[in-house]
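The structure under discussion appears below in the form of structure tokens.
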Amino acid sequence: MDEEPIKKRLHRYYDLIAGGVCVIRQTAEEQILFVNEEMLRIYQCATEDEFFQLTKGRFAGLMEAEDYVPLEARTNSRHGDLDEGYSFLTFRCYTKTGSYRHLEGTFHKVNSPELGKVWMMNLVNKERNLAVSNLDPVTGLLNMHAFYQRVQQKVDALRKTVEPGTLEVRYCPVYLNLTNFKVYNEMHGIYEGDRMLRKIGQLLKGAFPASYITRLSGDNFALFVPRDNLEAKLKEVCQAVNNEVRMPNIAMKAGIGSIETAVSVHRRPITTYFDQAKLASDSIKKDATRSIAFYNESMRQSIADRIFILDNLDRAIREGHIKVYYQPVMRAMTGKLCGCEALARWIDPQKGLLPPDSFIPVLEESRLISRLDCYVIEEVAKLLRYQIDNHFPMIPVSVNLSRYDFLLMDPLAFVERIVEQYHIPRYYLRIEVTESALVKNRHLLIEKLHQFHQSGYQVWLDDFGSAYSSLNVLQNYEFDELKIDQGLLRYFNEDSRKIIRSIVLMAKEMGIHVLAEGAETKEHIDFLRAIGCEKIQGYYYSCPMPYELLREQFQEAGWQVETLPEEQALDAAGLVNLITDAPVAIFQYREDRAVILSENEAYQNALTTTGTSSLQEFNVNM
């Protein structure tokens with residue numbers, strides 16, 4: 001079907017409409033089929049190509065990842081239906097030029113003879129709509145534009161009346177964020193959510209009656225307030241808001257901007273200092289013990305680091321500054337090398353090694369992580385091809401996929417293309433997904449991971465036992481292997497032993513294989529072997545390193561590489577439960593020789609009753 005005439009007709013009509021128009025296909029991918037000129041203006045894109053590059057052509061790409069809910073799910077949730085067939089939506093986004101915006105609008109289903117079943121969506125820039133008034137219609141506070149204008153006027157007036165260096169102790173910019181307020185809207189409806197925002201506005205005006213206050217967007221507020229007794233007042237306000245909301249996973253967090261520079265003689269845009277306050281607020285988002293944080297210079301450095309990462313990602317990939325390292329995985333029963341995990345390492349010529357926890361979160365938040373993940377997957381494919389071409393033992397490699405990969409691209413299509421391009425067996429490429437990704441994007445990922453399974457890939461659950469743990473994950477998804485989070489071995493005590501033992505036992509009952517990460521001592525290894533954990537990964541064996549160095553290391557150490565038939569046999573044996581009072585052992589038979597690969601304590605006790613003093617003696621006798 002020739003789509004160009006259709007697009008011309010759509011543009012002829014919808015380019016005259018006030019507001020951004022978006023047509024989206026009614027499928028799980030939610031592909032964007034058409035946008036009008038106003039939609040391009042909203043996202044500050046000069047062309048449709050720029051728009052589709054920015055959003056990846058998907059509905060999910062229109063917004064901040066944490067605001068994403070599939071359109072079908074939005075029609076079934078309490079987002080505030082406006083009329084029969086129409087639903088309301090609101091979300092936050094970044095434009096092509098980096099501006100942060102809050103959009104709102106309506107959407108409904110249409111069955112088009114030419115396009116099929118689609119969603120029709122109409123969006124407006126909320127801040128632009130409200131700019132004509134000085135007040136925010138939801139809370140009655142100053143709107144963002146009037147707030148910044150009056151703060152600037154106040155600062156200019158104060159500068160004329162005081163000596164340089166004395167103003168900074170009198171006034172502070174403050175940023176307030178109500179974390180997870182989206183959950184409140186979903187549970188109570190958007191109109192009840194607006195009522196709560198009005199109540200918060202009243203609390204702020206009561207605590208700071210003579211100060212400038214605004215609702216920036218959504219659940220974010222800003223204040224320009226006197227310094228005197230500020231911390232105590234903010235703590236009271238945060239507690240009062242939390243008491244009103246009465247939901248433990250929703251909390252008010254306050255960030256206080258840099259007192260030393262907030263109103264100094266150095267002229268910067270006034271918004272800069274509220275950005276600093278926002279950084280301080282964001283720094284305690286996940287800290288349940290704190291409600292207030294001050295901006296400091298380390299946060300400024302984090303901004304510089306973030307800018308460096310975003311500006312240099314493509315160059316680092318192109319020039320080989322980002323390398324793929326491999327950490328070995330060992331079979332507990334045999335001590336053989338049975339796989340590797342691929343891990344990205346960024347080594348900049350000037351800055352040196354950038355820790356993964358410094359650049360990966362930035363790439364995820366900026367929705368650029370798929371560029372890194374795609375690069376790693378292709379490098380792994382090249383390695384597997386290299387092993388085949390040089391007749392080296394094949395070592396399976398696991399690669400990590402971020403939840404954003406599933407939102408912004410089709411990871412299966414990419415992996416399949418790479419597999420075909422390098423002619424590698426799917427069996428040797430394992431897919432790892434973190435538990436946090438599944439909790440936040442369950443509807444999307446169930447189908448996507450099922451497709452990976454159907455295509456012949458093993459799918460592993462990473463970080464099991466972390467703070468996000470939910471047994472519903474195991475009920476709703478199909479996994480080949482669980483990777484026990486390394487934090488359980490980092491704080492190795494009787495409680496962590498019980499938790500790890502329970503995970504291993506549960507996994508065996510469900511027919512799922514188990515790998516433990518973070519093993520660093522012989523005590524760790526002995527414990528994991530004793531409870532029947534099948535695979536072990538950690539610094540006890542090796543840190544992550546380039547493949548060639550790893551190959552030299554396992555040759556020098558005399559490690560043997562597990563063969564495919566061995567893997568299949570040991571995977572089956574690995575599901576045997578050793579956590580029992582009955583004596584159980586797993587034997588390996590080779591021609592005229594037999595040895596015990598693994599045994600439990602009850603079996604060891606049984607051996608002593610036969611007059612056998614040790615397992616080594618028993619194996620010799622066998």
Regarding R306 and E365, does a basic nitrogen lie under 4.0 Å from an acidic carboxylate oxygen? yes

Could you check whether N400 and E341, counting side-chain N and O atoms only, form a donor-acceptor pair closer than 3.5 Å? yes

Donor-acceptor side-chain pairing of Y427 and E567 below 3.5 angstrom: yes

Where is the tightest heavy-atom contact between V584 and Y603, given as atom of each residue plus distance? O-CB, 3.6 Å

Do S496 and L489 come within less than 4.5 Å of each other through their side chains, counting heavy atoms only? no

Does Q568 offer a backbone N or O that forms a donor-acceptor pair with the side chain of D571 under 3.5 Å? no

Closer than 4.0 angstrom, basic N to acidic O: yes or no for E420 and R426? yes

Might you point out which heavy atoms bring R385 and H423 nearest each other, and give the distance in Å? NH1-O, 2.7 Å

Applying side-chain hydrogen bond (donor to acceptor under 3.5 Å, both in side chains), run through H453 and D480 and close with a yes or a no. CA-CA 9 Å; H453 257 133; D480 300 284; 2.7 Å; yes

Give a yes or no on this: more than 12 heavy atoms of other residues, nucleotides or ligands lie within 6.0 Å of atom CD of E64. yes

Within 45° cone and under 6.0 Å: R92 NZ/CZ vs Y94 ring: no

Would you check, one step at a time, whether the test side-chain hydrogen bond (donor to acceptor under 3.5 Å, both in side chains) holds for S542 with Q553? CA-CA 9 Å; S542 174; Q553 177 171 309; 3.3 Å; yes

Verdict with reasoning, F479 to F464, per ring-ring contact (aromatic ring centres under 6.0 Å, His included): CA-CA 12 Å; F479 293 106; F464 189 79; 8.9 Å; no

Under a 3.5 Å threshold, yes or no: a donor from one side chain and an acceptor from the other, between N249 and N180? no

Could you grab the distance from atom CE of M510 to atom CG of L575, nearest 0.5 Å is fine? 12.0 Å

Take Q451 and Y457, measure what side-chain hydrogen bond (donor to acceptor under 3.5 Å, both in side chains) needs, and give me the verdict at the end. CA-CA 9 Å; Q451 291 173 3; Y457 298 94; over 6 Å; no

Would you mind reporting whether Y325 and Y547 have side-chain heavy atoms less than 4.5 Å apart? no

Do E562 and L337 have side chains that approach each other closer than 4.5 Å (heavy atoms only, starting at C-beta)? no

Looking at every non-hydrogen atom in both residues, tell me the closest pair between C543 and Q327 and how far apart they are. CA-NE2, 4.2 Å

Answer yes or no: is there a side-chain heavy-atom contact under 4.5 Å between F452 and P411? yes

Kindly compute the distance separating CD1 (I317) from CG (N312), expressed to the nearest 0.5 Å. 11.5 Å

For W559 and Y541, take the angle between the two ring planes, folded into 0 to 90°, and tell me which bin it lands in: parallel under 30, tilted 30 to 60, perpendicular over 60. perpendicular

Does atom CD of E478 have more than 12 heavy-atom neighbours, drawn from other residues, nucleotides or ligands, at distances under 6.0 Å? no

Looking at CD1 of I322 and CH2 of W346, how far apart are the two atoms once the value is rounded to the nearest 0.5 Å? 4.5 Å

Mind checking the CZ-CG spacing from R345 to L343? Nearest 0.5 Å is all I need. 5.0 Å

Looking only at side chains, do E481 and Q458 share a donor and an acceptor under 3.5 Å apart? no

Where do T179 and K285 come nearest, in terms of heavy atoms and distance? CG2-CG, 3.9 Å

Could K351 and F308 be counted as a cation-pi pair, given that NZ or CZ must be under 6.0 Å from the ring centre and within 45° of the axis? yes

Euclidean distance, D389 CG relative to Q387 CD, rounded to 0.5 Å: 10.5 Å

Determine whether L408 and K56 make a side-chain contact, defined as any pair of heavy atoms from C-beta on separated by less than 4.5 Å. yes

Show, in sequence, the C-alpha distance, side-chain angles and deciding distance for N177 and D219, and conclude whether the side-chain hydrogen bond (donor to acceptor under 3.5 Å, both in side chains) test is met. CA-CA 6 Å; N177 171 239; D219 48 35; 3.3 Å; yes

For E30 and Y68, test the side chains for any donor-to-acceptor distance below 3.5 angstrom and give the result as yes or no. yes

Check R371 with D314, please: is the shortest side-chain N to carboxylate O separation under 4.0 Å? yes

Do H524 and E520 have a side chain donor and acceptor closer than 3.5 Å? no

Side-chain touch Q537/L515, heavy atoms, less than 4.5 angstrom: yes

Go through the steps for R497 and E523 under the test salt bridge (charged side-chain N to carboxylate O under 4.0 Å, His left out), then give the verdict. CA-CA 11 Å; R497 285 183 175 91; E523 183 184 12; 2.7 Å; yes

